Amino acid sequence: MPTRKEVEEYKKRMERILMAIENSTLSDEWKEKLTNEYLEKWKTAHETLLGLGVPLEDEGDEETK
């Protein structure tokens, strides 16, 4: 089972990837495709970790929902 520190590191890594996509020179079509792909990975990881009792976000953290 991942530790809280590992979960936080994963969260930060996903945020950096999403920001890099947003700030890239890729076409809007590719940005949307990649963003959706990473958001789906985020959702899957979040749901899995919630099942293990290790949330990826705090209850009040609306930014990542």
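Since we're looking at a predicted model, the values are computed, not measured.
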K11 NZ to E8 CD distance, which is reported to the nearest 0.5 Å: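 Result: 5.5 Å between the selected atoms.
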For E6, check side chain to side chain contact (heavy atoms under 4.5 Å, CB included) against everything at least two apart and list the hits.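 Scan of E6 (side chain to side chain contact (heavy atoms under 4.5 Å, CB included), adjacent residues dropped) gives P2, T3.
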Which residues pass the side chain to side chain contact (heavy atoms under 4.5 Å, CB included) test with S27, sequence neighbours left out?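 Once residues adjacent in sequence are excluded, the partners of S27 under the side chain to side chain contact (heavy atoms under 4.5 Å, CB included) criterion are E29, W30.
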Are any of the side-chain heavy atoms of L18 and E22 separated by less than 4.5 Å?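 In short, these two side chains do not touch, never coming nearer than 4.5 Å.
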Please output the side-chain donor-acceptor pairs of residues 33-41 that fall under 3.5 Å, not counting sequence neighbours, one pair per line with the distance.
unit_1, atom_1, unit_2, atom_2, d
T35, OG1, K31, O, 2.7
N36, ND2, E32, O, 3.2

